[in-house]
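The block underneath contains the structure these notes are about, expressed in structure tokens.
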Amino acid sequence: MTITPTTEPTIAVDQGLELYRSMFRIRRFETTAGELFAGGKLPGFIHLSLGQEAVATGVCSALDDHDTVSTTHRGHGHCLAKGGDLQQMMAELYGKEGGVTRGRAGSMHASDSSVGILGANGIVGGGIPMAVGSALAAQLDGKSRVSVAFFGDGAVGEGVFTESVNLATLWKLPMIFVCENNGYAELTPTAVHLANTRIIELARPYGIAVEAVDGNDVLAVLAAATRAVERGRRGEGPTLLEMDTTRWHGHFEGDPQRYRSKEELRAMTDRDPVATWRTGLIELGVDAESLDAIEAEVAAEVQAAVEVVELMAPSRADELLRDVYPEGNRA
Amino acid sequence: MTALKYWQAVNTAMREEMERDPKVILFGEDVAAPGGSFGASKGLLDAFGPERVRDTPISEATIVGTALGAAMTGYRPIVEIMFFDFVAVAMDQIVNQAAKVSYMSAGGYAAPMVIRTICAAGRRTGPQHSQNLEALFAHIPGLKVVWGSTPADVRGLLKAAIRDDGPVLAIESLVEWSSRGEVDEAEDIVPIGSAAVRTQGDDITVLSWGGAAPKTVRALEELGDVSVELIDLRTISPWDRDTVLASVEKTGRLLIVHDAVVDFGVGAEIAATVGRELFGRLRSPIERLGALRAPAPFAPHLEDAYLPQPSDIAAAVRDLVRPSDNT
């Protein structure tokens, strides 16, 4: 079944400003992380979600604290939007003791049980079955909790995607599959790796409710996510949302993106989700100064976090062996 | 004490744990209405209902991943993967996901889940239905691996695995499926990480687990004149170093017998540890006996030649305990 919205989404100004703050925080966090990485401050790999902010913000704004998300190696935005602590996230990228997972997980694997972030995931598609399990637990609990799996179009090639769509639909689980279709599986365009580039068409035969959404329009994302969450909470089963979005940077920071044309790279920011919503708010009557003030507050928050994190102690090497097994069940 | 068949021991362990803890759930291929391919979950659907006992699609990776997500959010799932070989289909979800959740989350999440699987070595089931793959999983930090060879142990280890807060791979032996053994219902937990000393002896320690363990017992019948200390490891990871080291310190000799291929097997890990800890006290080289370096063949005479047999075990013991050395 395809969900067709019958009304234009509307929003109160206060909530609209919160959406803007959330998206701008992701934008600023990612931009700063990119600069820190280029400056040699962050070890390892990082994968930025610049250009995809509206998906993280729109979906997570439809969730409650007890709802869970599983995310991807490109997951900073999802974690921030779900309520992950910005300073702890930044500390994690640095490998500091004050990181959300004490520097064990890093950018690609961080989680936060205090706000229902089951985890970023270093394996493409690896977090999807985990979200099915969280949805099963929600169904067994009989509470109206829902479970979200974020993944990209690349993950659609993994067997666990298809298996999970089948199982969640079969068991009518309260789950939302959120596919961020940014046109690339790492370095490979969608048309080169999928037999059908419309993800909803690949999923539809399983009988799952599907909806294609402009993933760079935060209001459209929020409205679609709200419909999917309500279906889940009512016990009507899972929904797959295909978010058409844009990855501004390469697969990883440092990727020269030779596989994208100059025209494509130039046009990429035309659908800037942050700028689009700024315009949308001004059309709703919000004055530019209020938005500038939000941007200044967020910039100061990110800057302050970096300054604190720079001074933090590194992760404790003497506790490197902790938590391999749950405490109380040490091997 | 009650006499139970091996499969009944598995069945009663699950039934009693599901009665004790409503958070214990069971799902897998053919486990609910059919009661398991080999009957291990017979009656559990009727007893606990379709919410807690579910048949799944043939999707091993997603079965394990779903168990993981449910474990992270409050449940204690048991999933059955029909044959040990099929666990390989779920490798990512076991190795990269379940085994690492506690560590990657710095203890924020735990994954109290059990993956039950059945090893059919010795049942003429061929290359993709009778492998002994325990070394692959014992190698992964964050996983525990148990394998009871008797009704009492398979039952007690499964109960301990269900109560453990981390992921446990619980292997069962199809070749023992109908064997009977005494089960003490009052003493029904076998702690993970504890080996069992089956017979006391002075000349040699013979260490085994899983499908090889009953064969070492039969080998003893041919070795009336040798004083053998027979140990069933029961937990492969974490293995009971103290019990094994104490025994070999006494006997001075160690024969490790497993049905897995010898090369790069669990026996190598144990031999390295014993060799280092007891260097200078050994009266003979540590010997390993296991399957040949080949996929498991189907034809009965080939499989018999492939796996260690009681007569092979007895011969290996005699080679190690030669009268000239036995001073």
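These numbers were taken from a predicted model, which means no experiment stands behind them.
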### Message
side-chain contact (heavy atoms from CB on, under 4.5 Å), that's the test. Do A:L194 and A:I199 meet it? Break it down for me.
### Response
CA-CA 9 Å; A:L194 288 180; A:I199 313 303; 3.4 Å; yes
#### Entry: Contacting moiety of B:E51, where chain A heavy atoms sit under 4.5 Å
both
### Task
Check the pair A:R104, A:D323 against salt bridge (charged side-chain N to carboxylate O under 4.0 Å, His left out), reporting the backbone distance first and the verdict last.
CA-CA 10 Å; A:R104 274 90 173 280; A:D323 305 313; 3.2 Å; yes
### Query
What residue in A:L136, A:L118, A:V160, A:V132 has the most heavy-atom pairs under 4.5 Å with chain B?
A:L118
### Message
Need one label for B:M104: side chain, backbone, both or neither, based on atoms under 4.5 Å from any heavy atom in chain A.
### Response
both
### Query
So does A:D141 pair up with B:K23, basic N to acidic O under 4.0 Å?
yes
### Query
Are any of the side-chain nitrogens in A:D64 or A:K143 under 4.0 Å away from the carboxylate oxygens of its partner?
no
### Summary
Residue from B:I63, B:I25, B:I58, B:D92 scoring the most non-hydrogen pairs under 4.5 Å with chain A is B:D92
### N-O pairing of B:D165 and B:R76 below 4.0 Å
yes
### Query
Between B:P112, B:S105, B:A111, which has the largest tally of heavy atom pairs under 4.5 Å with chain A?
B:S105
### Query
Can a donor-acceptor pair be found between the side chains of A:H76 and A:S49 at a distance below 3.5 Å?
no
### Task
Let me know if A:T162 has heavy atoms under 4.5 Å from chain B in its side chain, its backbone, both or neither.
neither
## Note on the structure
chain B shares the most heavy-atom pairs under 4.5 Å, among A:S147, A:S111, A:G126, A:G103, with A:G126
### Summary
Most contact-rich option vs chain A, by heavy-atom pairs under 4.5 angstrom, among B:A70, B:S102, B:G108, is B:S102
### Note: B:E17-B:R20 ion pair, threshold 4.0 Å (strictly below)
yes
### Message
What part of A:I128 gets within 4.5 angstrom of chain B, counting heavy atoms only: side chain, backbone, both, or neither?
### Response
neither
